[in-house]
Protein chains: 2
Amino acid sequence: MLSKKTKYALHALTYLGKHREEKTVLIHDIAEEHGISHKFLENILLELKKAGMLGSKKGKGGGYYLIKEPKDIPLSKVIRLLDGPIAMLPCVSLNYYEPCDECKDEATCGINKVMIQVRDETLKILENKTLADILKT
Amino acid sequence: MLSKKTKYALHALTYLGKHREEKTVLIHDIAEEHGISHKFLENILLELKKAGMLGSKKGKGGGYYLIKEPKDIPLSKVIRLLDGPIAMLPCVSLNYYEPCDECKDEATCGINKVMIQVRDETLKILENKTLADILKT
DNA sequence: ATAAAGCCTACATATTTTATAGGGTTTATG
DNA sequence: CATAAACCCTATAAAATATGTAGGCTTTAT
């Protein structure tokens, strides 16, 4: 399951996407809208910013804003940033690969094979669906 | 990511599947084969047994054994039993549904829509792949 | 100068996962 | 029938992770 961090990030991005005509949006407003702790959300937005997914303006009258087109923000990127691997097993993760310690031989592991399939189907969706798709509805 | 519990369960079932000619298999042997704590695995096997996925024989000379054909044990069932929901969000889980508390309206939530797709593609694989498929390789 | 707002780091709390402990019960066997 | 092997059951402990808080720093409009 996605962590709250990731869910909050997705909601925050959605909110920013919906308020693109405004120059900046306050953390406060997003937090209030979704009933999220201000400080917790602050950390999340900061992380998104550091990852180059959004921009900010400091000081009075400041706030956050999208620096990319929503269609250029794939959901996979947001999830990986905040939750880490998308795959169901470390041994099939593309971005966070690690061998499974209880597995003797990856090459002959049937679980590995199935989880590669799951990963591929999942990524087929999450790499192609973007913030723009979420904004549509 | 799958929990260790689930991974251990899958490995244990695989082990049992590979030793079907023997009447029973000891917890000890499975634990040793995969470097799992005996007692931890004991709890897992017990849970699998209670769920009707395997049988056991008590006392000296006892042990565990499969009571179903491997082809009749879908991976989704094992995962759900030990890990709970397969879906990425509670609000799209078929077996463990709960509303997301940060979401105002499920019907118009774009995240929800995407995650339903992910769930469906994932289940398409995990409901159809069974222990038999894992045993093949 | 002041107040508003994001930046940053560290800490605190809660929850979940993983593992252990220890006795109970059943059963084959000599 | 005594014994040892093996699963059964419940409770608790330890570790890891996720969630949330605190508090001061820096930047900026007015």
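Treat the numbers as computed from the prediction; the structure is a model and nothing was measured. A note on names: the letters A, B, ... follow the listed sequences, proteins ahead of strands, and every chain is numbered from 1.
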Next on the checklist: I need the full list of salt bridge (Lys or Arg N to Asp or Glu O under 4.0 Å) pairs touching residues 13-29 of chain A, with sequence neighbours left out, sorted by first then second residue.
Outcome noted: A:R20-A:E69
Checklist entry - What pair of heavy atoms forms the shortest contact from B:L26 to B:G62, and how long is it? => result CD2-O, 3.4 Å
Item to check | With sequence neighbours excluded, residues passing side-chain hydrogen bond (donor to acceptor under 3.5 Å, both in side chains) with A:K49 | outcome: A:S56
Checklist entry - Looking at residues 26-45 of chain B, who's got a heavy atom less than 4.0 Å off DNA chain C? => result B:S37, B:K39, B:F40, B:N43
Checklist entry - Closest approach of B:A51 and B:L81, non-hydrogen atoms and distance? => result CB-CD2, 3.5 Å
Checklist entry - With A:K39, which residues qualify under side-chain contact (heavy atoms from CB on, under 4.5 Å), at least two apart? => result A:S37, A:E42
Item to check | Results of side-chain contact (heavy atoms from CB on, under 4.5 Å) for B:K68 - residues two or more places apart only | outcome: B:I73, B:K77
Checklist entry - Of all of residues 52-65 of chain B, which get a heavy atom below 4.0 angstrom from DNA chain C, listed by number? => result B:K57, B:K58, B:G59, B:K60
Checklist outcome for this item: Quick note, ring pair (Phe, Tyr, Trp, His ring centres under 6.0 Å) partners involving residues 31-54 of chain A, not counting sequence neighbours, are A:Y8-A:F40, A:H11-A:H34
Checklist entry - Which part of the nucleic acid, if any, lies within reach of A:K50 when heavy atoms closer than 4.0 Å are counted: base, sugar-phosphate only, or nothing? => result sugar-phosphate
Checklist outcome for this item: By side-chain contact (heavy atoms from CB on, under 4.5 Å), A:A9 pairs with (sequence neighbours left out) A:I44, A:L48, A:V78, A:L82
Checklist entry - Where does the chain B footprint on DNA chain C start and end, counting 5' to 3' with a 4.0 Å heavy-atom cut-off? => result C:dT18 to C:dA28
Next on the checklist: According to ring pair (Phe, Tyr, Trp, His ring centres under 6.0 Å), does anything in residues 60-111 of chain B pair up with another residue at least two apart or in another chain? List the pairs.
Outcome noted: none
All N/O donor-acceptor pairs, side-chain side in residues 115-135 of chain B, below 3.5 Å, sequence neighbours left out:
| from | atom 1 | to | atom 2 | distance (Å) |
| --- | --- | --- | --- | --- |
| B:R119 | NH1 | B:V92 | O | 2.8 |
| B:E121 | OE2 | B:K124 | NZ | 3.0 |
| B:T122 | OG1 | B:V118 | O | 2.7 |
| B:E127 | OE1 | B:S76 | OG | 3.1 |
| B:E127 | OE1 | B:R80 | NH1 | 3.3 |
| B:N128 | ND2 | B:K124 | O | 2.7 |
| B:T130 | OG1 | B:P70 | O | 3.4 |
| B:T130 | OG1 | B:A132 | N | 3.1 |
| B:D133 | OD1 | B:K136 | NZ | 3.0 |
| B:D133 | OD2 | B:T130 | N | 2.8 |

Checklist entry - What are the bounds, 5' to 3', of the part of DNA chain D that sits under 4.0 Å from heavy atoms of chain A? => result D:dT19 to D:dA29
Item to check | Pair A:K5-A:E47, side chain to side chain contact (heavy atoms under 4.5 Å, CB included): steps then yes or no | outcome: CA-CA 10 Å; A:K5 238 171 150 170; A:E47 214 170 332; 3.7 Å; yes
Item to check | Working for side chain to side chain contact (heavy atoms under 4.5 Å, CB included), residues A:K4 and A:I36 | outcome: CA-CA 10 Å; A:K4 290 201 170 190; A:I36 307 174; over 6 Å; no
